[in-house]
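Report on the structure given below.
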Protein chains: 2
Amino acid sequence: MRLLIAEDDKLHRAFLKGVAEEVLTDDLEMVEAEDGQVALDAFLDAPFEAVILDLQMPHVTGVDVAKRIWARHTSTRILFWSNYADEAYIRGITRIVPPEAVYGYVLKTTPEDRLKMAIQGVFQADQCVIDREVRGVQQRSSDRVSSLTDLEYEALVDLSLGLTDKAMAARRRVSLRGAQSRLQHLYQKLGLDKSDIPVGDWGPSFNSRTRAISVAISRGLLNADALRQEEADLQAWLKKKI
Amino acid sequence: MRLLIAEDDKLHRAFLKGVAEEVLTDDLEMVEAEDGQVALDAFLDAPFEAVILDLQMPHVTGVDVAKRIWARHTSTRILFWSNYADEAYIRGITRIVPPEAVYGYVLKTTPEDRLKMAIQGVFQADQCVIDREVRGVQQRSSDRVSSLTDLEYEALVDLSLGLTDKAMAARRRVSLRGAQSRLQHLYQKLGLDKSDIPVGDWGPSFNSRTRAISVAISRGLLNADALRQEEADLQAWLKKKI
DNA sequence: CTAAGTTTTGCGGGTTCCCGCAATTCGGTT
DNA sequence: AACCGAATTGCGGGAACCCGCAAAACTTAG
């Protein structure tokens with residue numbers, strides 16, 4: 001079996017290598033990459049059947065890598081291995097996983113034996129193995145009432161990038177009122193109306209626009225990685241627009 | 001020598017322990033903590049002369065721990081050990097380090113030999129050892145023109161928490177116009193005026209208020225940890241205010 | 001085809017925000 | 001004492017934002 005390990009932290013990479021060697025006894029060809037780009041290069045050079053991906057890597061994130069890999073071979077089994085169970089990541093992944101693909105999601109904090117079981121499950125038994133903590137977030141993020149729709153998420157992104165209503169309207173090709181309407185739905189979904197406790201005499205405490213970003217970030221709906229990614233997309237769009 | 005290691009990641013903790021044992025040959029008493037709170041408890045139980053602190057830990061961050069430690073013993077030498085060189089961390093640390101204290105700041109990505117040198121430098125030679133990458137950020141964050149003053153930083157925090165101008169004014173005990181004025185300075189410092197390229201006919205692209213948060217986050221001036229911390233402070237203030 | 005649900009749009013007005021101008025205060029300096 | 005830079009405050013106007021109401025457009029089943 002050919003296994004690709006993409007992880008920027010030296011220690012974790014070595015650890016993964018050790019565990020994989022221990023669990024996957026049959027003849028194993030392993031390649032390590034300390035960056036998303038070199039992982040992709042290695043894969044395009046000669047495909048792998050199994051991949052372990054860290055999600056947070058500089059430049060090219062794990063989600064990007066997975067997307068490109070699955071675009072070519074949906075049969076490749078991928079085990080995601082991440083620090084956090086941020087909704088930003090979960091959303092990114094569930095958007096790109098092909099219906100028939102096999103994958104796993106394990107947090108770095110889980111004990112070693114569960115990691116071993118995940119490796120076996122995904123790479124040998126063709127099962128999807130997802131940590132309980134992650135599963136909880138995933139559940140919530142596919143729930144009709146508490147989760148954001150794609151449109152609302154788009155609005156959140158534009159908002160967090162600092163765009164004006166007008167700019168959002170232009171970017172998403174809707175009217176000004178349309179953009180504002182999406183924002184309104186977003187505010188509602190994030191529960192901004194309830195949390196606003198007007199204390200004393202100085203009226204409403206929170207500005208919906210900025211408060212939305214605040215709760216989105218502390219909920220892990222958005223993180224610095226995702227923001228940088230979206231910023232790049234925005235710049236690309238701006239350039240094309242000129 | 002008594003050494004306390006606070007780090008939530010198992011692998012990194014074990015690694016640190018190994019390196020420390022190797023470098024500090026004289027008789028060594030080591031205690032490990034996987035959380036800021038237990039680290040603090042251990043320290044209050046019996047002080048340490050040397051501490052290695054991860055900055056990002058759940059609940060009680062490394063900066064918090066350092067603050068409490070130095071409040072009791074300024075002679076304790078602390079080595080910070082972190083994933084990122086975010087200005088949010090740097091600022092947090094430089095605010096609390098006593099003038100005579102000895103400390104170090106090493107990134108997790110630096111090679112092992114440099115970590116060893118840092119451990120020796122800080123714990124045995126009483127030198128301050130700071131990684132080059134970190135030093136760069138530190139420089140910038142104490143520069144008069146590009147860095148934020150404390151007032152501007154306060155404004156950034158309030159802004160990112162989602163407060164209105166009025167609420168900021170109440171919290172910081174200034175007039176409404178005063179709060180707005182601080183915001184204005186903040187916007188200027190973040191360079192929001194220059195980056196606003198009005199493209200085509202749909203006018204200004206960016207909303208200063210939200211754009212400020214965006215650039216602050218992507219610059220690492222603010223991160224999710226710091227935000228959660230400040231959110232707690234805000235809630236405490238709100239409670240007291242009622 | 002119809003019905004229910006979601007999304008978009010226009011209108012309107014009340015609020016908040018952004019910021020230039022000018023006056024004032026408050027350390028710290030020469 | 002005179003001065004300077006930084007911070008604060010009031011005023012005022014133009015722009016942006018928030019949102020309720022109601023009508024259209026579009027989607028998705030039954």
Side-chain angles (χ1 to χ4, degrees), chain A residues 143-156 158-196 198 201-215, chain B residues 142-156 158-196 198-199 201-215:
Chain A
D143 175 22
R144 222 72 192 88
V145 285
S146 72
S147 81
L148 302 187
T149 68
D150 289 351
L151 289 181
E152 285 153 2
Y153 185 73
E154 272 185 10
L156 174 61
D158 288 349
L159 182 67
S160 307
L161 288 174
L163 295 181
T164 60
D165 292 5
K166 220 187 285 188
M168 296 184 196
R171 186 177 188 197
R172 306 301 183 183
R173 303 172 176 286
V174 291
S175 73
L176 179 63
R177 188 61 180 81
Q180 292 179 331
S181 177
R182 291 183 180 188
L183 283 177
Q184 226 173 308
H185 290 153
L186 174 67
Y187 297 154
Q188 208 172 322
K189 216 51 142 328
L190 294 179
L192 299 199
D193 36 1
K194 284 167 292 191
S195 66
D196 192 352
D201 51 345
W202 42 277
S205 334
F206 291 119
N207 170 315
S208 320
R209 211 170 176 82
T210 44
R211 186 62 177 169
I213 303 181
S214 178
V215 319
Chain B
S142 63
D143 174 22
R144 223 65 198 98
V145 287
S146 72
S147 80
L148 302 186
T149 68
D150 289 351
L151 288 181
E152 284 154 2
Y153 185 73
E154 272 185 10
L156 174 61
D158 288 349
L159 182 67
S160 307
L161 288 174
L163 295 181
T164 61
D165 292 3
K166 218 186 287 188
M168 294 166 129
R171 186 177 188 197
R172 305 302 182 182
R173 304 171 177 286
V174 290
S175 73
L176 178 65
R177 189 62 181 82
Q180 293 178 331
S181 178
R182 292 183 179 188
L183 283 177
Q184 229 172 307
H185 289 152
L186 175 66
Y187 297 154
Q188 209 173 322
K189 217 48 144 330
L190 294 179
L192 299 198
D193 35 1
K194 285 168 292 190
S195 67
D196 193 352
V199 178
D201 51 344
W202 40 277
S205 334
F206 291 120
N207 170 316
S208 320
R209 210 170 176 82
T210 44
R211 186 61 178 169
I213 303 182
S214 178
V215 320

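Residue numbering restarts at 1 for every chain, and letters A, B, ... go by the order of the sequence lines.
The interatomic distance linking A/Leu176 (CG) with C/dT8 (C1') rounds to 12 Å, in whole Å. With rounding to whole Å, B/Leu159 atom CG is found 14 Å from C/dT16 atom C1'. As a whole-Å value, the separation of B/Tyr187 OH from C/dC19 C1' is 11 Å. If you measure from atom CG of A/Leu183 to atom P of C/dT7, you get 14 Å, rounded to the nearest angstrom. Atom-to-atom, CD of A/Gln180 to P of D/dA15 comes out at 16 Å; the value is rounded to the nearest Å. Here the C1' atom of nucleotide C/dC17 and the CG atom of A/Asp165 are 13 Å apart, to the nearest Å. The distance from atom CD of A/Gln188 to atom C1' of D/dG20 is 12 Å, rounded to the nearest whole Å.
Of all nucleotides listed (C/dC19, D/dC19, D/dC17), C/dC19 comes nearest to the side chain of B/Ser208. The side chain of B/Thr149 sits closest to D/dA7 out of D/dA7, C/dT9, D/dC11. The side chain of B/Arg177 lies closest to C/dC21 when the candidates are D/dT8, C/dT8, C/dC21.
A close approach under 4.0 Å does occur between a side-chain nitrogen or oxygen of A/Ser175 and OP1 or OP2 of C/dG10. Dashed line: the shortest gap from a side-chain N or O of A/Arg209 to OP1 or OP2 of D/dC17 is under 4.0 Å. Taking 4.0 angstrom as the limit, A/Asn207 places a side-chain polar atom (N or O) nearer than this to OP1 or OP2 of C/dC17. Close to C/dG20, at under 4.0 Å from its OP1 or OP2, lies a side-chain N or O of B/Gln184. Dashed line: the shortest gap from a side-chain N or O of A/Arg182 to OP1 or OP2 of C/dT8 is under 4.0 Å.
In terms of modelled atom types and a separation under 3.5 Å, the side chain of B/Arg211 and the main chain of A/Leu161 share a donor-acceptor contact.
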Requested in this report: Under the side-chain contact (heavy atoms from CB on, under 4.5 Å) rule, what do A/Thr149 and A/Lys189 come out as? Steps first, then yes or no, please.
Outcome: CA-CA 9 Å; A/Thr149 68; A/Lys189 216 51 142 328; 4.1 Å; yes

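Summarising the geometry of A/Leu163 relative to A/Arg209, their closest heavy-atom pair is O-NH2, 2.9 Å, with the distance given to 0.1 Å.
Taking the screw axis at each terminus of the helix from C/dT9-D/dA22 to C/dT30-D/dA1 from five consecutive base pairs, the angle between the two is 30° to within rounding of 10 degrees.
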